[in-house]
Amino acid sequence: MMPTAIRTAILGAFALAALAACKPEAKAPEQNPAPASAASSTAAPAEQPASAPAASSPAATAPAPQAPGTDMRKEDIGGDFTLTDGDGKPFSLSSLKGKVVILSFGYTHCPDVCPTELLTYSDTLKQLGDQAKDVKVVFVSIDPERDTPAVIGKYVKQFNPEFIGLTATGDQSLPVIKQQYRVVSSKVNQKEDSENYLVDHSSGAYLIDKTGEVAIFSRYGSEPATIAADIKKLL
């Protein structure tokens with residue numbers, strides 16, 4: 001069995017590798033635009049015969065299916081926690097036992113990663129059809145200073161009215177929960193006394209089984225069909 005210290009180091013590295021920068025990429029200095037590809041850079045000489053249509057080419061094949069998520073059942077990760085929901089009431093993750101949970105972390109001011117993930121999870125529920133009634137999506141804010149219960153609650157329901165938004169209030173400890181789930185985050189581009197900032201944070205989601213245990217990590221960029229297939233293993 002792998003020593004605990006080594007497992008913890010691996011998981012820490014795994015979390016850092018999943019760090020998603022929710023900030024616009026810095027623009028490179030302007031240069032003469034390069035051709036997108038050799039095929040589009042110049043026109044083919046008129047005397048050259050036209051190439052065969054792509055549809056009839058032996059190389060034209062359907063894209064390979066995505067690999068499933070990472071099995072996390074042997075890792076020491078996860079656990080129950082209590083935060084505040086969109087109605088301002090305490091909400092414990094354990095209250096969802098008996099359901100499969102898609103658990104992700106982010107914040108409402110995220111310009112790209114979080115909206116993309118939440119749209120993906122909404123489409124995942126559509127893929128599940130009637131089985132979606134046994135699945136819950138929980139989105140935990142890593143920016144409780146701006147994400148009040150009302151803000152987080154309204155935000156997630158724009159993607160799906162059944163989504164659950166949670167944030168830390170009072171003495172609820174977000175750092176402890178982040179440690180439980182190996183989530184890393186940090187503010188960037190924040191000026192003194194400014195609420196205008198971005199947050200770099202871990203991306204992806206944990207699929208939690210009906211007993212409340214973390215079962216699968218679904219990486220950022222997973223297709224709805226891939227996530228749905230992993231969820232069906234847990235239903």
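Just so you know, these numbers use all the heavy atoms, side chains as well, and skip hydrogens, waters and symmetry mates.
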Parallel, tilted or perpendicular: which one describes the rings of Phe81 and Tyr181, with boundaries at 30° and 60°?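 Answer is perpendicular, since the angle exceeds 60°.
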Hey, are the side chains of [X] and [Y] touching, using non-hydrogen atoms and a 4.5 Å cut-off?
| X | Y | value |
| --- | --- | --- |
| Val188 | Tyr197 | no |
| Phe217 | Asp71 | no |
| Val214 | Leu207 | no |
| Gln172 | Thr84 | yes |
| Lys178 | Ser185 | yes |
| Asp80 | Ser92 | yes |
| Val113 | Tyr220 | yes |
| Arg219 | Ser203 | no |

Check the surroundings of atom CD in Gln66: do more than 12 heavy atoms from other residues, nucleotides or ligands lie under 6.0 Å from it? yes
Salt bridge (Lys or Arg N to Asp or Glu O under 4.0 Å) filter on Lys97, not counting sequence neighbours, yields none
Are Asp87 and Lys89 within salt-bridge range, i.e. N to O under 4.0 Å? no
Once side chain to side chain contact (heavy atoms under 4.5 Å, CB included) is applied, do any residues pair with [X], and if so which ones, sequence neighbours excluded?
| X | value |
| --- | --- |
| Asp171 | none |
| Val138 | Leu96, Val101, Leu103, Val140, Ile164, Leu166 |
| Val135 | Val100, Ile102, Leu125, Leu128, Ile231, Leu235 |

Any idea which heavy atoms bring [X] and [Y] closest together, and the distance?
| X | Y | result |
| --- | --- | --- |
| Tyr121 | Ala205 | OH-CB, 3.2 Å |
| Ala168 | Pro144 | O-CB, 3.6 Å |
| Gln127 | Pro224 | CG-CB, 4.0 Å |

Between [X] and [Y] (side chain of the first, backbone of the second, donor and acceptor by atom type, cut-off under 3.5 Å), is there such a pair?
| X | Y | value |
| --- | --- | --- |
| Ser222 | Ser218 | no |
| Asp147 | Thr108 | yes |
| Arg182 | Ile77 | no |
| Thr124 | Thr120 | yes |

Starting at [atom1] of [X], measure out to [atom2] of [Y] and round the result to the nearest 0.5 Å.
| X | Y | atom1 | atom2 | result |
| --- | --- | --- | --- | --- |
| Leu234 | Ile208 | CG | CD1 | 10.5 Å |
| Glu213 | Arg73 | CD | CZ | 11.0 Å |
| Leu198 | Asp112 | CG | CG | 8.5 Å |
| Leu174 | Gln179 | CG | CD | 11.5 Å |
| Tyr206 | Ser104 | OH | OG | 11.0 Å |

Sequence neighbours excluded and cut-off under 3.5 Å, please list the side-chain donor-acceptor pairs for residues 148-160, or say none.
{"unit_1": "Thr148", "atom_1": "OG1", "unit_2": "Val151", "atom_2": "N", "d": "3.3"}
{"unit_1": "Lys157", "atom_1": "NZ", "unit_2": "Pro161", "atom_2": "O", "d": "3.0"}
{"unit_1": "Lys157", "atom_1": "NZ", "unit_2": "Phe163", "atom_2": "O", "d": "3.3"}
{"unit_1": "Gln158", "atom_1": "NE2", "unit_2": "Tyr155", "atom_2": "O", "d": "3.4"}
{"unit_1": "Asn160", "atom_1": "OD1", "unit_2": "Glu162", "atom_2": "N", "d": "2.8"}

Mind jotting down which residue pairs meet the salt bridge (charged side-chain N to carboxylate O under 4.0 Å, His left out) criterion with at least one end in residues 221-231? Sequence neighbours excluded, please. Asp230-Lys233
Tell me whether the centres of the aromatic rings in His201 and Phe105 are closer together than 6.0 Å.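 Centroid separation for His201 and Phe105: 6.0 Å or greater.
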Does one side chain, of Asp209 or Thr211, offer a donor that lies under 3.5 Å from an acceptor on the other?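 Thr211 and Asp209 do have a side-chain donor-acceptor pair below 3.5 Å.
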Taking Phe91 as the starting point, is it possible to reach Leu93 by hopping between hydrophobic residues whose side chains are less than 4.5 Å apart?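 Yes, it is one cluster - the side chains of Leu93 and Phe91 are joined through contacts under 4.5 Å.
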What about Val176 and Leu83, same hydrophobic cluster or not, with Ile/Leu/Val/Met/Phe/Trp/Tyr joined at side-chain heavy-atom distances under 4.5 Å? no
